[in-house]
Protein chains: 2
Amino acid sequence: MKTVKEGEVRRQEILMVARELFVTKGYEQTTVNDILKIVDIAKGTFYYYFNSKEEVLAAIILDIVEEGAKRAEQILKDKSVPLINRIMMAIMAQSPEFEGSEEIRDEMHKVDNAKLEQLYTRTMLKRMTPLLEVAVAEGVAADLFHLDYPRETIESILLLGHMLFDCNIMDWEMTEYPAKIKGFLANMERMLGTRAGELKDFLQMFA
Amino acid sequence: MKTVKEGEVRRQEILMVARELFVTKGYEQTTVNDILKIVDIAKGTFYYYFNSKEEVLAAIILDIVEEGAKRAEQILKDKSVPLINRIMMAIMAQSPEFEGSEEIRDEMHKVDNAKLEQLYTRTMLKRMTPLLEVAVAEGVAADLFHLDYPRETIESILLLGHMLFDCNIMDWEMTEYPAKIKGFLANMERMLGTRAGELKDFLQMFA
DNA sequence: GTCTATACAGAGATAGAC
DNA sequence: GTCTATCTCTGTATAGAC
């Protein structure tokens, strides 16, 4: 049966279904046929809209990163919160939550999804670095931060935060996380060149 | 034509050929049939030795990481060199060189090899962390380093060094590298809690 | 234990008709 | 825009030779 739809509608349908499947079954475990069955289209239609399964992945990741960046942006502009806390919260909030469901995020990283992870890291760094550059510049101007390589430091912090909050690259036990988070915060402080302990109230959340 | 070889010999043959192909053509672009043609065996033989193409990849990466760790170990035990320099050199030397050929390493990262990269990172961290833990403990005992989360800090340094020296995750221009390396060194110093400038002679190499 | 040969299911991707 | 048919590749599973 042939049902014709307007291009953008069809495209969004494919993206929605694919995202749901990638996130629940994993990227590699999801076949193009799985997607076809649910969207109820033929293979040729799929490849009319996307050149490859990977292109679908890239589009989805762009959406996910954009959603995270929007949350981070909101947090960073609330000047009533101390700067260093805003930065930390922005990094945490940027992590994909998928409508608040933690279970789905866990699924995302349980499975073997090297491609998804790598593409996500790359895209996220590109999108988030400029946001944090502004925030760090604010801290430098206010004499809160003291550092010589802001751009490199931001990239490092984002990368480490990603490994910590989003990534399955280290197979840590739940019990190890408090130490990992405290270590991350301590090193973030040192790299930014803040007076030590500036983040103390934050640290107590993980004590 | 049937040539019988002792198991370990055949296994090594497959690994050698696969490594060459993965590195020159990329993991995804290399088919099992490519390997078969060169080793001159049947498909059944390949799957007699390995359960999957990915299992071959894991074996190769284990070898590569082991070679890097051996180089790092050598460097770390030469007590005539200042500790912080040894650590920096070990991190650089650990990076896969494949018999000294930089071209091949470039190939390795040019292609789309998420699985190879991720598995490498994981394996490398597992192997290298204990080595650096010893070195950092040496520094702490000598009152050179001052840090509260040695393990987390080592993981961070290795991860960042990997991103810098081995990884194609950031698409940096050649001209950006000096700043990236200097930034990395500065942050490494800060995380380890050395007196600033301890690495100054090292930094001049990239000035 | 080691190897060949081959057939086959299911994956991603393409070509061309409508 | 959509479809069907077809291609290549991975990986499984044979049956059997030495």
Side-chain angles (χ1 to χ4, degrees), chain A residues 1-61 111-119, chain B residues 1-61 111-119:
Chain A
M1 232 270 283
K2 185 169 159 173
T3 44
V4 181
K5 296 201 183 180
E6 195 243 321
E8 191 52 30
V9 174
R10 196 45 106 210
R11 206 186 123 88
Q12 286 302 323
E13 267 180 11
I14 295 172
L15 284 175
M16 246 184 56
V17 169
R19 177 163 168 174
E20 177 67 23
L21 286 172
F22 288 173
V23 149
T24 51
K25 297 183 56 174
Y27 172 70
E28 307 249 334
Q29 282 66 41
T30 300
T31 71
V32 172
N33 283 326
D34 292 339
I35 301 170
L36 304 184
K37 255 178 259 160
I38 300 181
V39 186
D40 197 33
I41 51 171
K43 200 166 260 193
T45 309
F46 177 90
Y47 282 99
Y48 173 76
Y49 286 100
F50 299 95
N51 290 314
S52 65
K53 191 174 104 166
E54 207 175 332
E55 203 175 288
V56 177
L57 178 66
I60 292 171
I61 284 178
V111 285
D112 145 78
N113 267 338
K115 225 168 217 154
L116 191 153
E117 292 282 358
Q118 194 185 67
L119 198 53
Chain B
M1 231 272 283
K2 183 172 162 172
T3 44
V4 180
K5 301 203 180 176
E6 196 241 320
E8 191 50 33
V9 174
R10 211 358 76 88
R11 207 185 121 89
Q12 287 303 323
E13 267 180 11
I14 295 172
L15 284 176
M16 246 183 56
V17 169
R19 177 165 169 175
E20 177 68 23
L21 287 172
F22 288 173
V23 149
T24 51
K25 297 182 56 173
Y27 171 71
E28 309 247 335
Q29 283 66 41
T30 301
T31 72
V32 171
N33 284 327
D34 292 339
I35 302 171
L36 303 184
K37 255 177 260 161
I38 300 182
V39 186
D40 196 35
I41 51 171
K43 197 169 258 192
T45 310
F46 178 90
Y47 284 100
Y48 174 75
Y49 285 101
F50 297 95
N51 290 314
S52 64
K53 192 172 95 163
E54 206 175 332
E55 203 175 289
V56 177
L57 177 66
I60 291 171
I61 285 178
V111 284
D112 144 79
N113 268 338
K115 225 172 216 151
L116 192 153
E117 292 281 359
Q118 194 186 67
L119 198 54

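Letters go in sequence order (proteins before strands), and every chain restarts at 1. The model shown is predicted, which means the values in this text are computed figures rather than measured ones.
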T45(A) side chain N/O closer than 4.0 Å to the phosphate oxygens (OP1, OP2) of dG1(D)?
-> no

Report all interatomic pairs (protein N or O, nucleotide N or O of nucleotides 9-11 of chain D) with separations under 3.5 Å.
unit_1: dT10(D); atom_1: OP1; unit_2: T30(B); atom_2: O; d: 3.4
unit_1: dT10(D); atom_1: OP1; unit_2: T31(B); atom_2: N; d: 3.4
unit_1: dT10(D); atom_1: OP1; unit_2: V32(B); atom_2: N; d: 2.9
unit_1: dT10(D); atom_1: OP2; unit_2: V32(B); atom_2: N; d: 3.3
unit_1: dG11(D); atom_1: OP2; unit_2: Y47(B); atom_2: OH; d: 3.2
unit_1: dG11(D); atom_1: OP2; unit_2: K53(B); atom_2: N; d: 3.2
unit_1: dG11(D); atom_1: N7; unit_2: K43(B); atom_2: NZ; d: 3.2

Please state how far atom CD in E55(A) lies from atom C1' in dA13(C), giving the value in whole angstrom units.
-> 13 Å

Report the distance from atom CD1 of I14(B) to atom C1' of dT2(C), rounded to the nearest whole Å.
-> 11 Å

Round to a whole Å and report the spacing from CG of D40(B) to C1' of dA5(C).
-> 14 Å

Whole-Å distance between dA13(C) P and L57(A) CG?
-> 12 Å

Rounded to the nearest Å, what distance is computed from the CZ atom of residue R11(A) to the C1' atom of nucleotide dT2(D)?
-> 17 Å

Any donor and acceptor pair, going by atom type alone, linking the side chain of Y27(A) with main-chain N or O of E54(A) inside 3.5 Å?
-> yes

Tell me: NZ of K37(A) to P of dG12(C), nearest whole Å?
-> 11 Å

Any side-chain heavy atom of L15(A) sitting closer than 4.5 Å to one from F50(A)?
-> yes

For residues A18(B) and I35(B), report the shortest heavy-atom separation together with the two atoms involved.
-> CB-CD1, 3.9 Å

Check every strand shown and say whether Y49(B) touches a base, only sugar-phosphate, or nothing at a heavy-atom separation below 4.0 Å.
-> sugar-phosphate

Report yes if the side chains of I38(B) and L21(B) come closer than 4.5 Å at any heavy-atom pair, otherwise no.
-> yes

Interatomic distance where CG belongs to L36(B) and P belongs to dC3(C) [whole Å] | 13 Å

Of the listed dC3(D), dT4(C), dT2(C), the closest approach to the A42(B) side chain comes from dT4(C)

Can you sort out the partners of N33(B) under side-chain contact (heavy atoms from CB on, under 4.5 Å), two or more places apart, ordered by chain and number?
-> T31(B), L36(B), K43(B)

Contact under 4.0 Å: R10(B) side-chain N or O vs dC3(C) OP1/OP2 | yes

Validation row: V39(A), F46(A) side chains within 4.5 angstrom (heavy atoms) = no

Does the side chain of I14(B) come within less than 4.5 Å of I41(B)'s, by heavy atoms?
-> yes

